[in-house]
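Reading through the structure tokens given below for one structure.
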2 protein chains.
Amino acid sequence: MVTIGDVARAAGVSRSTASYALSGRRAISLEVRQRVQEAVRALGYTPNAGARALATSQTMVIGLLAQLLEGEFAPAMLQYMLGVSDAGRELGYDTLLITEADGAHALRRITDSRMVDGLVLLNVAHQDVRLPVLRAAPQPGALVGLPGDCSGVDVFDLDFEEAGRAMVDHLHRLGHREIILISQPELVVQRGGAWVWRLRNAALEQAQRHGMVLHAVFGESRQPAVGRSLNAVLDTYPGATGLLIDNEAAAAALPMVLHLRGLQVPRDMSVIGRYSDEFAQIFSLPYSSIDSAPDRLGRLAVRQLVRRIATESESEEPYVLRLIAPDFVDRESTAPPRGQHRSGQYTGRHE
Amino acid sequence: MVTIGDVARAAGVSRSTASYALSGRRAISLEVRQRVQEAVRALGYTPNAGARALATSQTMVIGLLAQLLEGEFAPAMLQYMLGVSDAGRELGYDTLLITEADGAHALRRITDSRMVDGLVLLNVAHQDVRLPVLRAAPQPGALVGLPGDCSGVDVFDLDFEEAGRAMVDHLHRLGHREIILISQPELVVQRGGAWVWRLRNAALEQAQRHGMVLHAVFGESRQPAVGRSLNAVLDTYPGATGLLIDNEAAAAALPMVLHLRGLQVPRDMSVIGRYSDEFAQIFSLPYSSIDSAPDRLGRLAVRQLVRRIATESESEEPYVLRLIAPDFVDRESTAPPRGQHRSGQYTGRHE
DNA sequence: CTGAAAGCGCTTACAG
DNA sequence: CTGAAAGCGCTTACAG
């Protein structure tokens, strides 16, 4: 392979001069710089990443710890991953993708061996076993997902509580008084998926504040269970006029379920989802939704991570906890509940 | 950070002895080996990956070039990626994920800087601009996807021609005489998505051989265009009794389309798809299908790549071109065409 | 069975 | 403005 020594020889300068000419870290005469650049081009020189990492203690690589857990909606994960990878590249970083089931173990391996300059953890649980490892690591970390303890890391997530309140408020404003919330499978909650219960609890509280009835249930993650459970819920609460769907698989299954029950949206049922706009477009989910903005969250996490890598040794910047405001995408799937629609009155309970 | 020098000092041996004790590349007395291992544990030593890479010219990292192109079905890509990442890890390799739009440029950067020991390219086009770069690189490469020129690389793909024939044969055997094939959007074909036309051309030939009428059309990749185009096709060919769906978005949209047209599967329409089993499960696509086996293909590519990395300098192993046989997953979405069903006769044309 | 030394390809103080 | 040298943390011939 062609090394900086070859470049130096071809340009008739020392290796250090060649290095400085390329990095620009000290003044170099125009003539020498041009000779070096010419040699680089002629020889097709690219610095060896491993050697550079060894010399500078910087790998220019970010570790991305994805977690694909049972009962969760895998396709959503891809969008976070792309946000991280693309943002990293724009900032000069490559992305090491770690998908091992044992995330804590993988994290220790990656950080101990100094393969990366920083880490992004996706799908962070309330008590995430990866966090103690991350805190003990010499590299900084940024999370997508809000854990119980945010110390020592930068945290980014959707404001799921605000999302839950916004969904409830929206239907309340339209006059709905009995609604249903379909969350992720209970397994996800038991495993510590705090985002699920943050939305759920906030929605329940808000409904109570408004004097609404909110039936909060856990959905399923796969067909045919998803469809069955949707039907069961609709059977159980025939008086409900609104549906909040914090569950991608349920959102995808819902159009057919409602259709087979002869229910039209929004005439017979108002629906609000919570998923990414990209997902809505691919499957044309016809429901207004809170955009989960995976791409944006991934990018935010990387940007902060890179900032922290740069300023790591310097003054202790305070850690960031940023919950982004839910963005409501209107797809006209909500309306006043039946009966009220025609009268234009938003006052009574459902008749 | 703790280095092998620290370990050596703690164990009272030289650095080379410590290194050999850990690698096992030469005989070490039991006593010394134990002292070294004890020092490693006590100090929490992990070799520095960059230093090791520099010394051995092995990074133990595989580069994964994903390509998310417009008009293609992004969620499918994730499954290939996971297959590669998981298989790599099992073989001792980490995965560098490259998602840059300019794949050829990214590939050159990664290979020139020696960040990886080998490359896996996903979504390979007929004339893929990344291939010349890959062939010129010092690292070996494995492809998922069959290009026009396979020289210098190991290639893995589904046997899309056999898949096309199998789909046609299946419906022919049941007595269908007029069927429709919905492929990916035309854009995908124009861009060189050879897998699309391999299935398509093979299906057309096979239909002709059987004396069947096959209407081959290009579908769409997003709603609402997908649904519209499905309806338009069904309007155009009212005599068709079978549907071959080589298009994930169309497969996801089809149940509702057929339902709204009052068509039951397989009573009124036989359907065969081509998508991964995982995808079928998440959305419970109710159609028999050819499994595109993304996980398996990703794993095969990595396994061969690692084999080639190991034997690279040795005798020239011939390059592999492996098209895996299509696997038919029966979900009971096919039957004899209407009318024949009752008679049990598979002889006539549709009446 | 073990050690001292060279070398992988860079970067960056240290000198001039 | 430029060069010779040290050093990053490993591995692996070369000696003994």
Side-chain angles (χ1 to χ4, degrees), chain A residues 1-37 39-40 43-61 92 109 111-117 138-139 313, chain B residues 1-37 39-40 43-61 92 109 111-117 138-139 313:
Chain A
M1 73 177 294
V2 31
T3 73
I4 200 164
D6 301 323
V7 170
R9 197 172 321 117
V13 297
S14 72
R15 295 194 304 155
S16 59
T17 297
S19 177
Y20 283 120
L22 294 175
S23 70
R25 294 178 77 86
R26 80 176 179 192
I28 298 283
S29 71
L30 179 64
E31 194 223 329
V32 165
R33 188 175 336 134
Q34 286 178 340
R35 283 216 312 270
V36 169
Q37 283 164 350
V40 164
L43 301 174
Y45 168 74
T46 306
N48 180 296
R52 176 173 279 181
L54 186 56
T56 64
S57 303
Q58 289 220 112
T59 63
M60 300 309 284
V61 175
R109 180 171 53 80
T111 54
D112 279 359
S113 63
R114 302 293 205 280
M115 298 185 77
V116 300
D117 295 337
Q139 300 96 337
S313 43
Chain B
M1 75 176 293
V2 32
T3 73
I4 199 162
D6 300 324
V7 171
R9 198 172 321 118
V13 298
S14 71
R15 296 193 304 153
S16 57
T17 297
S19 177
Y20 283 120
L22 292 175
S23 70
R25 294 179 78 85
R26 82 175 177 194
I28 298 282
S29 71
L30 179 63
E31 194 223 328
V32 166
R33 190 176 333 137
Q34 286 176 340
R35 283 216 311 271
V36 170
Q37 283 166 349
V40 164
L43 300 174
Y45 168 73
T46 306
N48 179 297
R52 176 174 278 180
L54 185 57
T56 63
S57 302
Q58 288 220 113
T59 63
M60 300 310 283
V61 175
R109 178 171 54 79
T111 55
D112 279 359
S113 63
R114 301 295 203 280
M115 298 186 77
V116 300
D117 295 339
Q139 301 95 338
S313 45

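Source: prediction; values computed, not measured. Note that these values count all heavy atoms, side chains included, but never hydrogens, waters or copies made by symmetry.
Nearest to the side-chain atoms of A:Met1 among the listed nucleotides C:dG9, D:dG3, C:dT2 stands C:dG9. Between D:dA13, D:dG3, C:dA4, one nucleotide has an atom nearer to the side chain of B:Ser16 than all others, and that is C:dA4. Considering only side-chain atoms of A:Ala27, the nucleotide from D:dC1, C:dA5, C:dA13 that sits closest is D:dC1. Residue B:Leu54 places its side chain closer to C:dG9 than to any other of C:dG9, D:dG3, D:dC10. For B:Ser29, taking side-chain heavy atoms from C-beta onward, the closest of the listed nucleotides C:dC1, D:dA13, C:dG9 is C:dC1. The nucleotide whose nearest atom lies closest to any side-chain atom of B:Ser14 is, among C:dT11, C:dA4, D:dC10, C:dA4.
Taking atom CZ on A:Arg9 and atom P on D:dG3, their separation rounds to 14 Å, with Å as the unit. Atom P of nucleotide C:dC8 and atom CG of A:Asp6 are separated by 11 Å, given to the nearest angstrom. For the pair A:Tyr20 OH and D:dA4 P, the interatomic distance rounds to 14 Å; values are reported in whole Å. Atom CE in B:Met115 sits about 17 Å away from atom P in C:dG9, given to the nearest Å. Following rounding to the nearest Å, A:Arg52 (CZ) and D:dG9 (P) show an atom-to-atom distance of 18 Å. To the nearest angstrom, C1' of D:dC1 lies 12 Å from CZ of A:Arg35. Spacing between atom CG of B:Leu22 and atom C1' of D:dG9 amounts to 13 Å, rounded to whole angstrom units. Per the geometry, CD1 belonging to A:Ile4 stands 12 Å off P belonging to C:dG9, to the nearest Å.
Comparing A:Thr56 and A:Arg26 along DNA chain D, the residue whose closest nucleotide (by nearest heavy atom) sits nearer the 5' end is A:Arg26. Mapping A:Ala55 and B:Leu30 onto DNA chain C by nearest heavy atom places B:Leu30 closer to the 5' end of the strand.
D:dA4 is unpaired under the criterion used here, namely a Watson-Crick or G-U wobble arrangement in which both key atom distances are under 3.5 Å. Nucleotide C:dA13: unpaired (no Watson-Crick or G-U wobble partner with both distances less than 3.5 Å).
Nucleic acid contact class of B:Arg25 (heavy atoms, under 4.0 Å, all strands): sugar-phosphate only. Note on A:Thr3: only backbone sugar-phosphate atoms sit closer than 4.0 angstrom, heavy atoms only; bases stay farther off. Here A:Ser19 lies in heavy-atom contact (under 4.0 Å) with a base.
For D:dT2, the OP1/OP2 oxygens have no side-chain nitrogen or oxygen of A:Thr17 closer than 4.0 Å.
B:Arg25 CZ: 12 or fewer foreign heavy atoms inside a 6.0 Å radius.
When side chains are defined from C-beta on, B:Val61 counts as touching A:Met115, because their heavy atoms get closer than 4.5 Å. Within the 4.5 Å cutoff, side-chain heavy atoms of B:Met60 are placed close to those of B:Asp117. Proximity of A:Arg52 to A:Asn48: side-chain heavy atoms (C-beta onward) are nowhere separated by under 4.5 Å. Taking 4.5 Å as the limit, some side-chain heavy atom of B:Leu22 sits within range of a side-chain heavy atom of B:Tyr45.
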Query raised in the report: Checking side chain to side chain donor-acceptor pair (under 3.5 Å) for the pair A:Ser19/A:Ser16: CA distance, chi angles, key distance, verdict?
Result: CA-CA 5 Å; A:Ser19 177; A:Ser16 59; over 6 Å; no

